[in-house]
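Accompanying notes for the structure given below.
Side-chain atoms are counted along with the backbone in the values below, which use heavy atoms only and exclude waters and symmetry mates.
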Amino acid sequence: MRVTIPAAKAPVRTFISTPRQLGRLNRLYQEQLELNTKLTRAIEQTIGWVESTGGCVESVRILRLALGEVKS
């Protein structure tokens, strides 16, 4: 019976972020979150307007798909 020894794997690099980098990432994340919230509200308002005016069902369907993409 032959025993094989697995090859050594490359060490996993970990990235240590500085407080400055973490602050920047947090700020960018918060900005993106705010933009997504505004976009979600705008799409929801548009859906409401289209439905209230008896608009095209296909338009509402497309807007709901877009809303799902923004929320995911």
Side-chain angles (χ1 to χ4, degrees):
M1 182 172 170
R2 191 171 181 156
V3 177
T4 58
I5 300 172
K9 294 182 180 178
V12 177
R13 287 191 67 186
T14 57
F15 295 95
I16 300 174
S17 298
T18 64
R20 183 177 176 185
Q21 290 171 324
L22 291 174
R24 182 177 177 272
L25 287 173
N26 186 48
R27 183 177 46 78
L28 291 171
Y29 173 77
Q30 292 299 324
E31 288 174 4
Q32 190 64 47
L33 188 61
E34 184 179 334
L35 289 173
N36 283 357
T37 302
K38 288 179 181 179
L39 181 57
T40 299
R41 264 190 265 126
I43 293 172
E44 288 171 345
Q45 288 174 351
T46 304
I47 290 172
W49 180 81
V50 170
E51 288 177 336
S52 70
T53 59
C56 176
V57 174
E58 182 67 11
S59 296
V60 173
R61 186 186 72 76
I62 292 170
L63 286 165
R64 288 194 192 285
L65 287 174
L67 186 60
E69 288 292 318
V70 172
K71 287 186 175 181
S72 65

Check: residues 46-55 side-chain donor-acceptor pairs under 3.5 Å, at least two apart:
unit_1 : atom_1 : unit_2 : atom_2 : d
Thr46  : OG1    : Ala42  : O      : 2.8
Glu51  : OE2    : Arg64  : NH2    : 2.6
Ser52  : OG     : Gly48  : O      : 3.2
Ser52  : OG     : Trp49  : O      : 2.9
Thr53  : OG1    : Trp49  : O      : 3.0
Thr53  : OG1    : Val50  : O      : 3.2

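With sequence neighbours excluded, the residues that form a side-chain contact (heavy atoms from CB on, under 4.5 Å) with Glu58 are Cys56, Arg61, Ile62. Every residue meeting the salt bridge (Lys or Arg N to Asp or Glu O under 4.0 Å) condition with Glu31, not counting sequence neighbours, appears here in chain and number order: Arg27. Leu22 meets the side-chain contact (heavy atoms from CB on, under 4.5 Å) test with Ser17; sequence neighbours excluded. The side-chain contact (heavy atoms from CB on, under 4.5 Å) check on Glu34 picks up Lys38, with sequence neighbours excluded. Listed by chain and residue number, nothing satisfies the side-chain contact (heavy atoms from CB on, under 4.5 Å) test with Leu35 (two or more places apart in sequence, or in another chain).
By the 6.0 Å contact criterion, CD on Glu69 is open, its count of non-hydrogen atoms from other residues, nucleotides or ligands being 12 or less.
The two residues Val70 and Ile43 come nearest to each other via the heavy atoms CG2-CD1, 4.0 Å.
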